[in-house]
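Below is one structure, written out as structure tokens; comments come after it.
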Amino acid sequence: MAHLAATQGSISVPGIGNDSFLRRSGFKAQNIRFQDKPWQPVFPVDLKNRNARLRSHTLCMSVQQASSAKVSVSPINLEDAKEPPLNLYKPKQPYTATIVSVERIVGPKAPGETCHIVIDHGGNVPYWEGQSYGVIPPGENPRKPGAPNNIRLYSIASTRYGDAFDGKTASLCVRRAVYYDPDTGKEDPSKKGICSNFLCDSKAGDKIQITGPSGKVMLLPEDDPNATHIMIATGTGVAPFRGYLRRMFMESIPTFKFGGLSWLFLGVANTESLLYDDEFVKYLQEYPDNFRFDRALSREQKNKNGGKMYVQDKIEEYSDEIFKLLDGGAHIYFCGLKGMMPGIQETLKRVAEQRGESWDEKLLQLKRNKQWHVEVY
């Protein structure tokens, strides 16, 4: 649930101002490119309670400039907990965090705007991959005068160490929710998404009220480091999977050495709507035996029947392989708009029947085995 009410691009690594770190990780403080567009380094507000390394600049960088060596993370004691942190901060007593950076991460021809938002929680709101934060946008609830706005839940798009690899930030992937009047075709600002617009309009240094973390359904099972993980996302639903993949392929985790297969299916409208594509392509190049990536571009690709290509069409394309992997114990995850699930379920049911299987029985078995993980909004 990238937004469980409505989250692309370059790796955004806030607050890395240490030259030795830049040399060690292979990043260069120079003009960088994202989808063939020049990007300048971004310098966020100075945060008083951060150490010198995090009081420097935010460097937005292409993953193509990263070295193949994995990145060291800290504090490593974030690996010690046996159970995930849950609801450390609740709606009546949220945590006040600080916006580090807000970056548009889709191209000009993408329908709508999606932003990658880095939040400084100072290490006080730890989380695990696959969990969510609640965000309370400022202002009064329009339906309950005098009451605060409702909480919106967003899947966290970073690992527990954050984009700065220091355990003090979390990232969200947010699509700005706007409403167009079906009669006039014009945008109606009175019906825009309160929280997504607040987040996408935020600036470095702005304060943000967060709750959580919450959720256990999408936690990444790590008991078997050689397991297979099939991830199916539409749009900003890719958020938790970005966290999984950074943990598997980007970070150096002494207690977790991934040696299995991770297979991502991502459905978006067009090429300029692809989310975190540079990161995923880099994993393909460096870990071809452990990572597969299939895109479904509904406005650019056709399915076998000549219609628009959706994620369920890609699933059908690889259905035999997917079913064999599931029979072998693979985990399968779904995250995105709830409208994605009926089409996917119909596809899986049709494929199962073609194989002489009962989909209802198979689904029940997958749930019993805790192989089936769904988070839609």
Side-chain angles (χ1 to χ4, degrees), residues 2 7-14 16 21-22 24-42 58-71 100-110 112-118 129 155-159 161-165 169 171-175 231 233-252 258 262-288 290-297 300-301 335:
T7 104
Q8 129 174 356
S10 57
I11 302 177
S12 182
V13 182
I16 305 300
F21 177 91
L22 295 175
R24 187 168 64 252
S25 60
F27 294 116
K28 298 178 181 179
Q30 60 184 25
N31 288 9
I32 51 97
R33 304 191 70 80
F34 170 68
Q35 293 182 339
D36 296 320
K37 297 188 294 293
W39 292 79
Q40 297 283 350
V42 177
T58 293
L59 183 61
C60 296
M61 62 200 68
S62 165
V63 72
Q64 293 169 341
Q65 292 172 298
S67 67
S68 58
K70 290 190 174 183
V71 180
V100 175
S101 62
V102 177
E103 179 186 2
R104 179 187 169 105
I105 52 173
V106 290
K109 294 181 181 178
E113 179 180 15
T114 302
C115 294
H116 183 76
I117 299 163
V118 180
E129 299 73 23
S155 292
I156 298 170
S158 50
T159 72
Y161 298 100
D163 286 6
F165 310 108
T169 70
S171 299
L172 305 180
C173 187
V174 181
R175 176 165 176 163
M231 302 164 287
T234 57
T236 59
V238 77
F241 306 142
R242 178 185 185 251
Y244 295 177
L245 294 170
R246 287 171 74 92
R247 185 164 174 83
M248 292 172 179
F249 301 125
M250 183 180 288
E251 297 178 343
S252 177
F258 183 67
S262 193
W263 191 354
L264 173 63
F265 293 85
L266 175 59
V268 294
N270 58 20
T271 302
E272 295 207 15
S273 303
L274 285 167
L275 304 172
Y276 308 112
D277 198 65
D278 284 357
E279 292 188 30
F280 303 151
V281 168
K282 188 67 173 177
Y283 304 148
L284 275 177
Q285 295 170 347
E286 297 189 346
Y287 300 94
N290 304 99
F291 182 54
R292 295 175 65 173
F293 180 29
D294 283 277
R295 309 168 183 85
L297 308 178
E300 295 179 3
Q301 298 173 329
C335 190

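Here the structure is a predicted model, which means the values were calculated and not measured.
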Given side chain to side chain contact (heavy atoms under 4.5 Å, CB included), test R295 with F265 step by step and report yes or no. CA-CA 6 Å; R295 309 168 183 85; F265 293 85; over 6 Å; no
Sequence neighbours excluded, which residues qualify as salt bridge (charged side-chain N to carboxylate O under 4.0 Å, His left out) partners of R247?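 R247 satisfies salt bridge (charged side-chain N to carboxylate O under 4.0 Å, His left out) with E79, E129, E222 once adjacent residues are dropped.
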Listed partners of E113 passing salt bridge (charged side-chain N to carboxylate O under 4.0 Å, His left out), at least two apart: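 Testing E113 for salt bridge (charged side-chain N to carboxylate O under 4.0 Å, His left out), a comparison that skips the adjacent residues, returns R176.
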Between [X] (side chain) and [Y] (backbone), is there a donor-acceptor pair under 3.5 Å?
X    : Y    : result
R242 : A157 : yes
E103 : H116 : no
K70  : M248 : yes
E300 : T271 : yes

Would you mind reporting whether [Y] and [X] have side-chain heavy atoms less than 4.5 Å apart?
X    : Y    : result
Q285 : V281 : yes
F165 : M250 : yes
M231 : Y244 : yes

Between T114 and V174, is a side chain to side chain contact (heavy atoms under 4.5 Å, CB included) present by the stated rule, with each step listed? CA-CA 5 Å; T114 302; V174 181; over 6 Å; no
For [X], give me all partners under side chain to side chain donor-acceptor pair (under 3.5 Å), at least two apart in sequence or on another chain.
X    : result
N270 : S273
T159 : E251
Q301 : none

Donor-acceptor side-chain pairing of D163 and S171 below 3.5 angstrom: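 Their side chains do contain a donor-acceptor pair, which is all the 3.5 Å distance test asks for.
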How are the rings of Y283 and F280 set relative to one another: parallel (under 30°), tilted (30 to 60°) or perpendicular (over 60°)?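 Plane angle between 30° and 60°, so tilted.
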Working to the nearest 0.5 angstrom, can you tell me the gap between [X] [atom1] and [Y] [atom2]?
X    : Y    : atom1 : atom2 : result
Y287 : K282 : OH    : NZ    : 10.0 Å
T169 : I156 : OG1   : CD1   : 10.5 Å
R292 : S262 : CZ    : OG    : 11.5 Å
L297 : L266 : CG    : CG    : 8.0 Å
F241 : C335 : CZ    : SG    : 5.5 Å

What's the shortest heavy-atom distance between W263 and F293, and which atoms?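 Smallest interatomic distance, heavy atoms only, reads CD1-N, 4.2 Å.
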Could you go step by step and tell me if L275 and V106 meet the side chain to side chain contact (heavy atoms under 4.5 Å, CB included) rule? CA-CA 7 Å; L275 304 172; V106 290; 4.0 Å; yes
CA sep, side-chain torsions, deciding dist, call: D294, L264, side chain to side chain contact (heavy atoms under 4.5 Å, CB included): CA-CA 6 Å; D294 283 277; L264 173 63; over 6 Å; no
Apply ring-ring contact (aromatic ring centres under 6.0 Å, His included) to Y161 and list each qualifying residue two or more places apart in sequence or on a separate chain.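 Once residues adjacent in sequence are excluded, Y161 has no partner under the ring-ring contact (aromatic ring centres under 6.0 Å, His included) criterion.
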